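Reading through the structure tokens given below for one structure.
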Amino acid sequence: MVFFDPSGERYGIPTYPFKLAPTGLATLRQLRADGLRPGGQEIAAQLMWRRGHRRAFLYRIDLAVPKRTATAAQRAALDKAMTARRTCPECGVFQDYYIPRRTGACLDCTPGGAR
């Protein structure tokens, strides 16, 4: 197995082939799926596959902390921003799609862009 280096001598950090990581370690996506984040910890190991062209860093699950949740004010600001992205600045109509940035107006207000 080319990428099996649990001591980290060859690659600098412990390295495992794809799908052969030891228990207790997880990728960033796996942590997020469990509602966790690395929380400032160092990379514990890595997975490598496709002749070394692909890699994923592994973090210790026991040191991971819960993901932060948005405050009520942050959620309100996001809702306001998403509403602004769907409201045409020309006619003021709330559209069922995001206003294209390249035209800056809804499809009805854009010359040659009528539905």
Side-chain angles (χ1 to χ4, degrees):
M1 292 205 277
V2 178
F3 301 123
F4 189 73
D5 179 25
S7 63
E9 292 177 16
R10 182 173 180 189
Y11 298 105
I13 60 174
T15 304
Y16 301 95
F18 186 65
K19 294 189 177 185
L20 291 179
T23 58
L25 299 177
T27 64
L28 190 58
R29 284 187 180 195
Q30 291 169 335
L31 288 177
R32 286 183 183 159
D34 291 338
L36 301 170
R37 61 186 172 97
Q41 67 174 294
E42 296 291 322
I43 296 169
Q46 68 180 346
L47 293 175
M48 289 181 78
W49 68 100
R50 291 209 181 168
R51 294 184 217 147
H53 294 289
R54 297 291 308 234
R55 70 179 61 196
F57 296 120
L58 298 169
Y59 301 92
R60 289 181 44 184
I61 296 173
D62 59 338
L63 297 179
V65 295
K67 287 187 347 186
R68 293 179 282 199
T69 58
T71 64
Q74 288 171 328
R75 285 194 304 269
L78 285 172
D79 289 341
K80 186 177 177 182
M82 292 297 114
T83 300
R85 286 185 65 192
R86 293 175 61 180
T87 304
C88 178
E90 299 289 327
C91 62
V93 175
F94 183 79
Q95 301 293 342
D96 58 348
Y97 56 88
Y98 293 120
I99 304 300
R101 287 176 44 194
R102 70 183 156 164
T103 60
C106 68
L107 297 178
D108 294 330
C109 295
T110 303
R115 296 183 209 187

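One-based numbering along the sequence shown. Model, not experiment: these values are computed from the prediction.
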Q: Would you check if the side chain of Gln41 reaches a backbone N or O of Arg60 as a donor-acceptor pair within less than 3.5 Å?
A: yes
Q: Would you confirm whether Tyr97, through its side chain, and Leu107, through its main-chain N or O, come within 3.5 Å as a donor-acceptor pair?
A: yes
[X] and [Y]: which non-hydrogen atoms are nearest, and at how many Å?
{"X": "Ala64", "Y": "Leu31", "value": "CB-CD2, 4.0 Å"}
{"X": "Gly92", "Y": "Thr87", "value": "O-CG2, 3.8 Å"}
{"X": "Ala105", "Y": "Pro89", "value": "CA-CD, 4.5 Å"}
{"X": "Val65", "Y": "Gly39", "value": "CG2-CA, 3.7 Å"}
{"X": "Pro6", "Y": "Pro14", "value": "O-CB, 3.4 Å"}
{"X": "Tyr59", "Y": "Glu42", "value": "CD2-O, 4.0 Å"}

Q: Look at atom CZ of Arg32 and say whether more than 12 heavy atoms of other residues, nucleotides or ligands are closer to it than 6.0 Å.
A: no
[atom2] on [Y] to [atom1] on [X], rounded to 0.5 Å:
{"X": "Tyr16", "Y": "Phe3", "atom1": "OH", "atom2": "CZ", "answer": "15.0 Å"}
{"X": "Asp79", "Y": "Arg75", "atom1": "CG", "atom2": "CZ", "answer": "9.0 Å"}
{"X": "Glu90", "Y": "Asp108", "atom1": "CD", "atom2": "CG", "answer": "12.0 Å"}
{"X": "Asp96", "Y": "Arg86", "atom1": "CG", "atom2": "CZ", "answer": "6.5 Å"}
{"X": "Ile43", "Y": "Leu28", "atom1": "CD1", "atom2": "CG", "answer": "10.0 Å"}
{"X": "Phe57", "Y": "Met48", "atom1": "CZ", "atom2": "CE", "answer": "9.0 Å"}

Q. Picking from Thr27, Ile13, Leu25, what satisfies side-chain contact (heavy atoms from CB on, under 4.5 Å) with Gln46?
A. Ile13
Q. Are Leu58 and Leu36 grouped together when hydrophobic residues (ILVMFWY) are joined by side-chain heavy atoms under 4.5 angstrom apart?
A. no
